[in-house]
Every structure is written in structure tokens, then in C-alpha cells.
A.B. asks: 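Have a look at this one before I ask anything.
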Amino acid sequence: MTKYVELNVRSEIGELEGVILHTPGAEVENMTPENAERALYSDILNLAVAREEYKQLSGVLGEIAQTYQVKDLLANVLKNDKAKEAVIDKICLMEPQVGVKGNTYCIKDYLLDQDANELATLLIEGVPLKRDNLTKFLSKERFAMRPLHNFFFTRDASMSVLNEVLIGKMANGVRDRESLIMQSIFDYTPGFNAKTVNPIDNPSIDPNCMIEGGDVLIARDDILVIGNGTRTTTQGIDFILAQLLSQKEEKQRHILVQELPSQPESFIHLDMVFTLLDVDKCMVYEPLIMRPNKYQTVHITIQNGKVLDIRRENNLLEALKKLGMDLKPIFCGGNIDPWNQEREQWHSGANFFAVGPGKVVGYGRNIHTMEAMNKNGFEILRAKDIIRHKVELSDYEKYVITIEGSELPRGGGGARCMTMPVRRKPVNW
């Protein structure tokens with residue numbers, strides 16, 4: 001760690017000071033069309049192109065804030081022998097084939113023998129299966145420990161909520177190791193001052209509890225907006241509710257829950273249909289967020305360790321307005337053609353990451369969305385121009401930094417999905 005970081009994230013839009021990223025590596029290409037669905041992909045990515053696009057995101061964020069790479073943080077943790085053993089032991093419990101002595105696929109001793117940098121790579125990119133007996137020779141598996149294909153979406157496995165880190169309880173087992181790695185980073189890195197809260201540490205946790213960071217948005221320090229769908233269950237939201245109730249604060253707090261469809265797959269998280277852009281603007285996928293439909297918006301109010309009220313709201317924006325957040329919606333795909341809305345939502349057109357109030361990052365390919373942003377006062381700036389210092393961000397009050405996105409969106413996410421902020425400045429509401 002380069003310096004001490006007091007974790008503090010109390011909004012989606014506060015000026016960014018620190019963010020964790022993971023540059024896509026070999027794990028992205030370590031799949032075939034046959035196992036892509038198991039890896040939660042609908043297609044396979046070209047790593048060389050994806051990395052070039054990702055450089056635009058990491059490069060521009062490096063101009064704005066302190067950036068940290070998952071692999072570097074993990075390698076630093078694994079230099080501590082006690083932490084190294086603890087991490088490997090937890091992986092062996094989570095993935096029994098890795099650690100059960102006598103098991104054909106057991107590689108625990110092999111992992112323990114690796115130095116910190118090599119082990120960090122293996123834990124992310126996977127351990128190829130050594131075909132040194134008949135069972136392994138005939139196995140259709142390529143890896144003794146599978147790669148973490150989705151880890152460049154750092155948002156999901158851990159969430160900064162105020163001054164704590166909520167560890168994701170992933171909906172799919174192929175992502176469980178991501179959560180373990182992120183918790184290890186926060187638990188064992190001296191530079192991060194943050195308490196971690198992990199649902200699996202609670203022995204009485206409901207087995208249906210699932211929470212992913214793409215569904216958890218901090219609208220204001222007293223308002224959480226949470227998506228309820230295929231990746232975050234009602235039981236997961238109840239876990240978050242129980243954590244807030246246990247604090248027994250006098251201040252009223254609110255959870256706004258937005259139900260999400262299970263289809264299409266581009267609706268997996270709330271931040272694929274709703275993100276915050278400024279103190280008075282948000283990005284919405286209009287057919288789901290604005291129109292009357294069967295997907296409910298539920299408002300939970302808590303105070304002094306008790307649930308004061310649970311009620312339905314007409315929609316998310318009306319509920320936020322009642323709480324003093326009057327947000328003008330900007331429509332993903334524009335507000336004219338539903339085909340454009342559907343196409344651009346599919347390519348993460350609603351998924352923006354704020355680096356400050358009215359200062360956001362998104363995919364430039366979504367031209368109708370960008371046109372709508374421009375009409376609402378956002379200057380459209382290319383990430384390449386900022387990295388090359390052809391454009392100075394200080395010259396603009398409100399802007400969208402556009403990154404290229406031919407490959408990255410095919411992984412199923414955008415700029416918010418690929419960023420895990422650890423510190424933001426307070427917002428002057």
C-alpha cells in the first residue's frame with residue numbers, strides 16, 4: 001500500500017478519491033464457447049481488444065484519483081505467511097476439490113509453495129490441470145482451480161457502504177473466490193482502515209441470501225437503493241436491513257427496493273437500468289423505471305433499531321423525491337425510439353460511474369444516450385484525449401468521459417461494474 005486510506009463512501013456521486021480496479025487478464029480468455037455460459041458470459045471476449053479498452057478506463061481514473069489494482073493488493077497480502085495460509089485454507093473450504101488430501105484434484109500444497117506474486121496470479125487466472133494420472137488425463141476440465149472470468153467487474157464482490165465494506169454473497173459459485181479475495185484484501189492490508197461485513201460469517205444466515213454490488217447504490221448517506229432480482233434476493237436485502245437495524249441510530253434511514261425482471265440477462269443488476277449522475281440528475285432505462293409495470297418499488301423506513309414502515313411506491317424517482325432528492329431522468333437510448341433504448345441498455349448504456357457530481361464515465365458507443373446527456377448539459381469528452389492531455393477536465397463543469405466499448409460490454413457490464421470506490425468526498429446537497 002502506498003498510503004493509509006480511511007474508507008468512506010456516502011454517495012454515488014461524491015468526488016472520487018480512491019478506487020479499486022482489476023485489469024482483465026488471461027482469466028478472460030480461459031474459456032470456450034462450451035463453458036462460457038458456466039462462466040456467466042453469453043460470448044467469449046478478445047482479450048487484446050478488451051485490455052486496450054480497459055486502459056482507457058484505468059488511464060482516465062488514474063488522472064482523477066488514486067487507483068489500486070486487485071492483483072497488486074492481493075500479492076501484497078500474500079507476502080504475509082499467516083494471511084497466505086488463511087486465504088488458501090478458506091479457498092479449500094469453499095472449493096473442496098482444491099484442498100481435500102487424496103482428492104485427484106488437490107493442489108493445496110502446490111499453492112502453498114508459490115511466492116506471493118505467482119500465487120496472486122494463479123488465484124485469479126486459475127491453475128491448469130496437470131494430467132499426471134488417468135483420471136486427470138481423461139477429465140474434460142482444463143483447470144484444477146477455475147479462473148475468475150468475471151473479476152474485472154470489481155463492483156460485485158465487495159461494496160463500500162459508508163465506512164464499512166459489505167462482502168458480496170454471490171449468486172453463482174463461480175464467483176465466490178472473488179468475494180474471498182476482496183475480504184482478504186480489506187482484512188489484511190494495513191493501509192485500508194475498514195471493517196468487513198460478510199453474510200457467510202453469520203452461522204444462521206438464510207441459505208437464499210444473495211447480494212451483489214451492482215444492485216447496491218448509495219443515493220445519499222441515509223438512502224440505499226437496492227435492486228431485487230436474479231443476483232440479489234429479498235433475503236440478501238433483509239441481511240442488509242438487519243445490519244442497519246443493529247446500529248440503532250436515531251437518524252431515520254431508508255432502503256428503496258426496486259424489483260427487476262429475470263429476463264433479459266442485461267437486467268442482472270439495478271445499475272444496468274438506473275445510475276446517479278449528479279445531485280439533480282439520474283440515468284434510467286425508462287420502460288422499467290418510469291412506466292407503470294409489474295415490478296414493484298418498496299420503501300422501508302427504519303429508526304432506533306426498528307422498522308417504522310414498509311410500503312409500495314409508484315416508482316423509484318417518486319420515492320426519492322419524497323425524501324428530498326428531486327432527480328431529472330435522462331433516458332438510456334434517448335426518449336424517442338424504444339428499439340434504441342433496448343439496444344443501448346443491452347450494451348450497458350445506463351451504466352455510468354460518477355467521478356464527481358455531474359462528472360461521469362460511460363461507453364461512447366451508446367450514441368443516443370450520449371446525445372441525451374449532451375442535451376442535458378454534459379460535455380462529451382473522449383478518454384483518449386484526456387489521457388493524452390489534449391483535453392483538461394478542469395475546463396468543464398459537467399461531462400461524460402467516453403471509453404470505447406466493442407469488447408468490454410460483451411462481458412455484461414459498464415464503467416460502474418468495473419469500479420469499486422473506497423473513498424469519495426462529501427457531496428454538498
A.B. asks: Working to the nearest 0.5 Å, report the span between NE2 of H269 and CG of D215.
C.D. replies: 5.0 Å
A.B. asks: Quick check for you: to the nearest 0.5 Å, what is the distance between F152 atom CZ and C417 atom SG?
C.D. replies: 9.0 Å
A.B. asks: With a cut-off of 6.0 Å (strictly less than), are more than 12 heavy atoms of other residues, nucleotides or ligands near CZ of R10?
C.D. replies: yes
A.B. asks: Atom CE in M210, atom CG in N228: separation rounded to 0.5 Å?
C.D. replies: 9.5 Å
A.B. asks: Would L323 and H299 count as a side-chain contact (heavy atoms from CB on, under 4.5 Å) here? Give the steps.
C.D. replies: CA-CA 11 Å; L323 296 174; H299 182 174; 3.9 Å; yes
A.B. asks: Starting at OG of S262, measure out to CD1 of I268 and round the result to the nearest 0.5 Å.
C.D. replies: 12.5 Å
A.B. asks: Restricting to ring pair (Phe, Tyr, Trp, His ring centres under 6.0 Å), what partner residues turn up for F239, sequence neighbours left out?
C.D. replies: none
A.B. asks: How about CG on D113, more than 12 heavy atoms from neighbouring residues, nucleotides or ligands closer than 6.0 Å, or not?
C.D. replies: yes
A.B. asks: Applying ring pair (Phe, Tyr, Trp, His ring centres under 6.0 Å), can you list everything that pairs with Y295, at least two apart in sequence or on another chain?
C.D. replies: none
A.B. asks: Is there a salt bridge (Lys or Arg N to Asp or Glu O under 4.0 Å) between R146 and E95? Walk through the geometry before answering.
C.D. replies: CA-CA 10 Å; R146 292 173 184 166; E95 304 175 47; over 6 Å; no
A.B. asks: Output, in order, the C-alpha distance, side-chain angles, deciding distance and verdict of salt bridge (Lys or Arg N to Asp or Glu O under 4.0 Å) for E12 and R424.
C.D. replies: CA-CA 9 Å; E12 291 290 312; R424 291 183 181 274; 5.4 Å; no
A.B. asks: Got a second to check how far R388's CZ is from R382's CZ, nearest 0.5 Å?
C.D. replies: 7.0 Å
A.B. asks: Under 3.5 Å, sequence neighbours excluded: what are the donor-acceptor pairs made by side chains of residues 157-170?
C.D. replies:
unit_1	atom_1	unit_2	atom_2	d
S160	OG	P421	O	2.5

A.B. asks: Check the orientation of F192 and F186. Use parallel for under 30°, tilted for 30 to 60°, and perpendicular for over 60°.
C.D. replies: tilted
A.B. asks: Does any non-hydrogen side-chain atom of E63 lie less than 4.5 Å from one of L393?
C.D. replies: no
A.B. asks: Is it true that the side chains of E178 and H22 contain a donor and an acceptor less than 3.5 Å apart?
C.D. replies: no
A.B. asks: Measure the shortest side-chain to side-chain distance between S139 and R131 over non-hydrogen atoms and say whether it is less than 4.5 angstrom.
C.D. replies: yes
A.B. asks: Quiz question: by atom type and distance under 3.5 Å, do the side chains of E53 and S406 form a donor-acceptor pair?
C.D. replies: yes
A.B. asks: Quick one: does I91's side chain get under 4.5 Å of M94's, heavy atoms only?
C.D. replies: no
A.B. asks: Stepwise, does the salt bridge (Lys or Arg N to Asp or Glu O under 4.0 Å) test hold for K108 with D89?
C.D. replies: CA-CA 8 Å; K108 181 176 181 178; D89 284 344; 2.9 Å; yes
A.B. asks: If you look only at distance, which donor and acceptor atoms sit under 3.5 Å apart when one is on a side chain in residues 355-362 and the other is two or more places apart or in another chain?
C.D. replies:
none

A.B. asks: Given V284 and F331, is the side-chain contact (heavy atoms from CB on, under 4.5 Å) satisfied, shown in steps?
C.D. replies: CA-CA 5 Å; V284 303; F331 295 165; 3.5 Å; yes
A.B. asks: Run through I302, I223, L308 and flag the one making a side chain to side chain contact (heavy atoms under 4.5 Å, CB included) with Q252.
C.D. replies: L308
A.B. asks: Are E125 and K71 within salt-bridge range, i.e. N to O under 4.0 Å?
C.D. replies: yes
A.B. asks: Would the number of heavy atoms belonging to other residues, nucleotides or ligands and lying under 6.0 Å from NZ of K55 be above 12?
C.D. replies: no
A.B. asks: Between T232 and E212, is any side-chain donor less than 3.5 angstrom from a side-chain acceptor?
C.D. replies: no
A.B. asks: Assess whether atom CZ of R312 is packed by more than 12 heavy atoms of other residues, nucleotides or ligands within 6.0 Å.
C.D. replies: no
A.B. asks: Under 4.5 Å between any side-chain heavy atoms of D176 and I200, yes or no?
C.D. replies: no
A.B. asks: Just verifying a value: how many Å separate I218 CD1 and L224 CG, rounded to the nearest 0.5 Å?
C.D. replies: 6.5 Å
A.B. asks: Identify, with sequence neighbours excluded, every residue that meets ring pair (Phe, Tyr, Trp, His ring centres under 6.0 Å) alongside F352.
C.D. replies: none
A.B. asks: Checking salt bridge (Lys or Arg N to Asp or Glu O under 4.0 Å) for the pair D222/K251: CA distance, chi angles, key distance, verdict?
C.D. replies: CA-CA 8 Å; D222 61 331; K251 182 179 181 179; 5.1 Å; no
A.B. asks: List in chain and number order the residues that pass ring pair (Phe, Tyr, Trp, His ring centres under 6.0 Å) with H347, two or more places apart in sequence or in another chain; answer none if no residue qualifies.
C.D. replies: none
